[in-house]
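Note sheet for the following structure.
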Amino acid sequence: MYRFTELNPRTSHYEFMGPIGATLLLLFMPLLTLHFAFECDGLNSCSFFQFNYWSLRSLFDYKAALAYLGWVAYLVCLFFLLPGDWVDGTTLRNGKKLQYKINALYTFYTTTGICILVLLVFGHHPFLFIPRHLVGLVGASICFSFIGGAFLYIRTFLYNDSLMALPGNTGNVVYDYFIGRELNPRIFGDLDLKCFSELRPGLIGWALINFSFACQQYENLGGRVTNSMILVNFFELWYVFDATYNESSVLSTMDIVSDGFGWMLVCADYSWVPMNYTLHTRYLAVYPIDLGLPAMLGIVALHLSSYYLFRAANTQKHQFRNHPNSPQVQGLRFLRTKSGSRLLISGYWGVARHFNYLADWLMSVAWSLPCGFNGLCPYFYPIYFAMLLLHRENRDHDKCLAKYGPDWEEYCKLVKWRILPGIY
Ligand code: NDP
């Protein structure tokens, strides 16, 4: 039986509205993903309010389940087979640092290379498997999330020397299962499950599914893809490339530093992201759109400028914290906290406390605009993402207030806007 220690105190407050909120999300997230799978399958229809017949036969599709498991196994194999740098994580509560193998970028390159090779040798047909089995793949991803969550929850009782995540040790089964108990679950020695899952199955899977819907559109249009489909594929592929290129920066995110690995992150990484972030290309496969030149240029300009701000803001903090002598961060003003950490109060981090969130959100709008204004499905992502970022900003605020106390209050007076300067 697991022993409590001072390092693993009982969690005293709930997030996500506690066990009730957790139960609702455990039901709502898979049901919404299923709803999108049936309503916007990228083959026949893509409408939020169509209410198609839900066929259990297409949901429990053994070929799709095998393909899904094969995809996860392939990623695990690449993690071990491909080279990677070993990078230190942040210092843990027990004073130790874990090392992480960083090779998501090589996984991205390998997968892209394999896709190009398949395309050259066999044409686009092999990729049509994904659109044709989308519902089964969604079903498999949801089963995987629940089984994965159960595995992670149960294993926390088997090892009594593991660090628990501070938010996930309430003792309430549903809530802890949902939010995740263990901070850094590892299997096969070096495979850190949380870090592995952050960028590989969801993000690289997202790019792969997008590409398969471009192939579906090519099939539907008799050998042509629209410029809107190319734009969305390219924008989102770039985002995935950028994330894998900067993989080591995930080591300082809330997900890795403080959140446990439970159903919530498993579902996000293995089901929610790859299955729902692909709604743009699923929509365009059913409703192809040829953009005029002014619209295309406007969308590209929005994407490039928001990407620039997103990357510049995140890099500025990264440089400031990790390479304080770098010329790019000289002259920036900061607040020195009693904990020893320094908080930027100028540059992007002086404009708003989370200017990076605003830029990220604007990018999500640029991904939806190529789909026009006739459907709701392509706008699901920016709507949901706005809610996620608002909620995340609140969670981060609470975390920083607990960590820095009066220094954080002082910082909030100096940088008064949370995300959108002048408004919020
Ligand atoms: P952030 O990069 O916004 O970092 C927040 C942390 O930075 C704080 O907890 C604090 O940590 C430190 N910090 C806060 N203010 C300052 C300051 N003024 N100066 C220096 N350090 C500061 O964290 P996120 O992980 O939330 O976001 C990273 C990126 O990932 C964002 O661009 C976000 O948009 C994106 N993202 C995308 C998602 C998606 O689904 N597409 C989901 C989630 C995030 P400390 O304790 O070290 O001081």
Side-chain angles (χ1 to χ4, degrees), residues 89-91 166 194-195 197-199 202-203 206-207 235-236 238-240 242-244 246-259 264-265 267-269 271-274 276-277 306-324 329 332-365 367 380-405 407-419:
T90 53
T91 309
L166 289 178
K194 192 165 48 162
C195 185
S197 306
E198 278 281 299
L199 304 181
L203 262 70
W206 170 19
F235 288 163
E236 298 181 357
W238 183 260
Y239 190 79
V240 174
D242 177 85
T244 52
N246 293 291
E247 186 184 8
S248 55
S249 60
V250 302
L251 300 182
S252 57
T253 60
M254 200 195 306
D255 298 11
I256 300 293
V257 174
S258 49
D259 284 346
M264 182 177 75
L265 281 180
C267 176
D269 294 336
S271 179
W272 184 262
V273 169
N276 294 332
Y277 286 20
S306 41
Y307 171 74
Y308 174 80
L309 294 173
F310 162 80
R311 186 42 50 220
N314 284 323
T315 305
Q316 189 170 70
K317 176 163 70 78
H318 184 76
Q319 294 282 81
F320 176 74
R321 279 284 174 87
N322 300 295
H323 310 284
V329 292
L332 288 174
R333 287 179 296 118
F334 57 85
L335 181 79
R336 193 178 290 282
T337 65
K338 288 183 193 68
S339 75
S341 292
R342 301 175 313 157
L343 294 170
L344 275 168
I345 52 169
S346 68
Y348 296 105
W349 296 82
V351 177
R353 285 177 240 158
H354 273 106
F355 190 67
N356 55 345
Y357 286 2
L358 177 64
D360 204 349
W361 183 77
L362 286 173
M363 244 190 309
S364 75
V365 175
W367 302 343
F380 164 75
Y381 181 65
I383 294 168
Y384 147 79
F385 198 40
M387 294 192 290
L388 178 144
L389 292 175
L390 289 171
H391 182 248
R392 195 172 171 95
E393 193 279 332
N394 260 300
R395 289 183 79 209
D396 193 53
H397 175 82
D398 291 347
K399 183 213 100 174
C400 290
L401 189 59
K403 179 173 174 184
Y404 296 121
D407 286 329
W408 186 253
E409 286 168 1
E410 170 69 14
Y411 167 71
C412 292
K413 278 186 203 141
L414 293 169
V415 183
K416 66 176 183 174
W417 301 110
R418 286 170 174 255
I419 297 178

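We count ligands from 1, going down the list as the structure has it; atoms in each ligand are counted the same way.
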May I have the N/O to N/O pairs between ligand 1 and the protein that fall below 3.5 Å, each with atom names and distance to one decimal?
| residue | atom | partner | partner atom | Å |
| --- | --- | --- | --- | --- |
| ligand 1 | 2 (O) | K317 | NZ | 3.3 |
| ligand 1 | 2 (O) | N356 | ND2 | 3.4 |
| ligand 1 | 3 (O) | H354 | NE2 | 3.0 |
| ligand 1 | 3 (O) | N356 | ND2 | 3.0 |
| ligand 1 | 4 (O) | K317 | NZ | 3.2 |
| ligand 1 | 7 (O) | K317 | NZ | 3.2 |
| ligand 1 | 9 (O) | D396 | OD1 | 2.6 |
| ligand 1 | 9 (O) | D396 | OD2 | 3.4 |
| ligand 1 | 9 (O) | K399 | NZ | 2.7 |
| ligand 1 | 11 (O) | K399 | NZ | 3.3 |
| ligand 1 | 18 (N) | L344 | N | 3.3 |
| ligand 1 | 18 (N) | L344 | O | 3.0 |
| ligand 1 | 18 (N) | Y411 | OH | 3.0 |
| ligand 1 | 19 (N) | L344 | N | 2.9 |
| ligand 1 | 21 (N) | R321 | NH2 | 3.2 |
| ligand 1 | 25 (O) | R392 | NH2 | 2.9 |
| ligand 1 | 26 (O) | Y357 | OH | 2.4 |
| ligand 1 | 26 (O) | R392 | NE | 2.7 |
| ligand 1 | 26 (O) | R392 | NH2 | 3.4 |
| ligand 1 | 32 (O) | N314 | ND2 | 3.0 |
| ligand 1 | 34 (O) | D360 | OD2 | 2.6 |
| ligand 1 | 40 (O) | Y277 | OH | 3.2 |
| ligand 1 | 41 (N) | Y239 | OH | 3.1 |
| ligand 1 | 41 (N) | Y381 | OH | 3.4 |
| ligand 1 | 46 (O) | K399 | NZ | 2.9 |
| ligand 1 | 46 (O) | K403 | NZ | 2.7 |
| ligand 1 | 47 (O) | R321 | NH1 | 2.7 |
| ligand 1 | 48 (O) | R321 | NH1 | 3.3 |
| ligand 1 | 48 (O) | R321 | NH2 | 2.9 |
| ligand 1 | 48 (O) | Y404 | OH | 2.4 |

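At least one side-chain heavy atom of Y307 sits under 4.5 Å from a side-chain heavy atom of D242. Using a 4.5 Å cut-off on side-chain heavy atoms (C-beta onward), S341 and R336 make no contact.
In this model, a donor atom of one side chain and an acceptor atom of the other lie less than 3.5 Å apart for W206 and E236. In this model, no donor atom of one side chain and acceptor atom of the other lie less than 3.5 Å apart for W349 and H354.
The two residues A268 and P274 make their nearest non-hydrogen contact at O-CD, 4.1 Å.
Looking at residues two or more places apart in sequence or on another chain, you find a side-chain hydrogen bond (donor to acceptor under 3.5 Å, both in side chains) between H318 and N322.
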